[in-house]
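Everything below concerns the one structure shown next.
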Amino acid sequence: MIKGKRGWIREEVPRIILAVLVVSIIIYGAYLLYSSYGNQENQKAKTFIDSLEGKINALEDGENNEFTFRTAKGWTLTSYSKQDANVPDKCFGKGCICICNMDCSGLSCSKESILDSCQATGYCRKINVDNVKVYNIPFGSGVIGKPFIYSYKGFSTELERISINKVIKEINMTFHSEVVSFNRYQDVPSGAGGV
Amino acid sequence: MINKKGELTSQQVILLVLVIASFLIALFFFYNIVSDDYSEEELCKLSVLGRASTSSSIKGNIPLKCTTEKICLTSESGGECEQFAGEEKVMKVELPKNDPQEVADIIEKVYAESLYSCWKAMGEGRLDLFGSSEIYTSFLPGALSSTLDFFKGKDVHPTCVICNRIAIDEDFIYEDKKNKENGGLKSYFIESSDKVNVRDYIEKNGPGGSLSYLQLFTDKQIDKFPKAFEDKFGRKEVKGGVIDEVGIIFIQIINKGDPFQKNSWGQSLSAVGANGALIGGLIVVGAFVVNPVGSVIGLVGILKTAVAVGGTTAILSAFKDSQQNAISAGYCGELNSPKQVDEGVYGCSFVRPFDYDNINEINQVCKNLEGNP
């Protein structure tokens, strides 16, 4: 049977509309699930960096304390000092801490790649000191007297213990089993216990 | 309904479009607007129910909207807990300055309420919240395998939610908080913490109504702890210091099968609970007394009845390790979940306090932490 053009339109258009609607719902649902999952990870990172900033600010000069932090697994903590040439735009002009969506736990990441990640997806907070340092000396690495130091910390566990030491114009941070400091490959804080 | 040609009428199409549009609007409201209208506790319960009623394969993609509640115990109205510096929504509970017994009572109440609210919010351990990704395999035959692995400290990691963090203001604890190591503890803190007895509190008090926390944790089956069980929770010292912050953590492990079914040796957890036995290297008499990190360390003997009743009853155990004795609530049995492939989901759930500064222990127990910080 040959149908007229009008008949075909009347028959098929509602079906097409329905199909489009159903597909839209599925795509929208998938998007919601994906974005809510992504948001959760972003929220964790944001909460972590806010908490770290708050604890740094709460310390007075010459004071140090150790805190437990809920981190964002698969993200990396790094820092930039005032005099650094290459910093994320968000950090310009001051010492800065950043958590960036790049997994550097157990991996060696280049400064450039971390900078790119921080620029694109990182959460940064300016700190009112010139130098903010993270020394990350992985346990058991390096040679005595010449520890191999990373200036970032990739998070592979949910909870981390960080000791924060505030001295004039400088902040040092030490992880539970590792020394973490920002931006100084040679300066290990005293008592940090390098490898 | 449908005309002779099998076409949908324009009325039906409009109706369908309206229904779908309503669904989309409802979905949009659920994700964006409704969340602002509910308290965090209600939102958590809703998301828990959402998780429990979702198919196992997509559970992980449904966000668990449970935010860790932060409670600061401080002696001054303007006092702060350093542990929460820079964090939002910290609830302060004031401790009296000249009444050690009152201080102890408040600490006991906060602990008990936190344990109970966590247990309640997580569906009393009876809901499958984390799905099949945490189902483990084991070299041991039988349905008990993953539970036994868990008890024996094999590489089996439950998923956890940190329900509460309870911290004590360092000014309340230390003579000189800047010199914790050598400054010593305040005598008022020592006097107050010596009076803390959570065991006694949960035995004699409840959240309202006639039932005690203990009865609520054990499905009304246990009224009293045995005399021999000495709880020192809340005042144990660690590494020469004091536990100044605890995390109330909900832990769930999904089992391959019913942990109360007989295994290949004809033994089950309920049988062990009833008789006392040695299975798989575990000495278990009367009740589970396990260290969630691994080893079974002691016996309580109070849960014979609770464990023996069909195996799917609530349990309340004393988890004891080298650092502390802690009150915990637990449940082992079938978990409520949408039935899949004609098979029920089984598992064990616990809620217990951890020394929040002992991150190694928490990281070791909890492979994944869900919920918001």
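Chain letters run A, B, ... following the sequence lines, proteins first and then strands; every chain starts at 1. From a predicted model like this one, the values you see are computed outputs, not experimental measurements.
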> Ignoring hydrogens and geometry, is there a side-chain-to-backbone donor-acceptor pair from A:K55 to B:A85 under 3.5 Å?
Replying inline: yes

>> Take a 6.0 Å sphere around NZ of A:K90 and say whether it holds more than 12 heavy atoms from other residues, nucleotides or ligands.
In response: yes

> Roughly how far, to the nearest 0.5 Å, is CG of A:D50 from CD of B:E88?
Replying inline: 7.0 Å

> To the nearest 0.5 Å, what is the distance between CZ (A:F67) and CD (B:E245)?
Replying inline: 10.5 Å

>> Under 4.5 Å from any heavy atom of chain B, what part of A:N65 do you find: side chain, backbone, both or neither?
In response: side chain

>> Counting only heavy atoms from other residues, nucleotides and ligands, does the tally under 6.0 Å from NZ of A:K126 exceed 12?
In response: yes

> Yes or no on side chain to side chain contact (heavy atoms under 4.5 Å, CB included) for B:Y356 and A:L159, after CA distance, side-chain angles and deciding distance?
Replying inline: CA-CA 9 Å; B:Y356 198 66; A:L159 293 178; 3.6 Å; yes

> Given that the side chain runs from C-beta out, which part of A:T47 has a heavy atom under 4.5 Å from chain B: side chain, backbone, both or neither?
Replying inline: side chain

> Out of curiosity, A:T68 OG1 to B:Q83 CD, how far, rounded to the nearest 0.5 Å?
Replying inline: 9.0 Å

>> For a quick test of reading the model, state the closest non-hydrogen atom pair linking B:G371 to A:R70 and the distance between them.
In response: O-NH2, 3.0 Å

>> Under 4.5 Å from any heavy atom of chain A, what part of B:L369 do you find: side chain, backbone, both or neither?
In response: both

>> Tell me which one of B:I359, B:N363, B:I162 satisfies side-chain contact (heavy atoms from CB on, under 4.5 Å) with A:E158.
In response: B:N363

> Relative to chain A, which segment of B:E170 carries a heavy atom at a distance below 4.5 Å: side chain, backbone, both, or neither?
Replying inline: side chain

>> Just checking A:N57: does its CG atom have more than 12 heavy atoms from other residues, nucleotides or ligands closer to it than 6.0 angstrom?
In response: yes

>> Less than 4.5 Å apart, side chain to side chain, heavy atoms only: is that true for A:K73 and B:N368?
In response: yes

>> For A:D61, is the CG atom crowded, meaning more than 12 foreign heavy atoms sit under 6.0 Å from it?
In response: yes

> Is it true that atom CD1 of A:I16 has more than 12 heavy atoms of other residues, nucleotides or ligands lying nearer than 6.0 Å?
Replying inline: yes

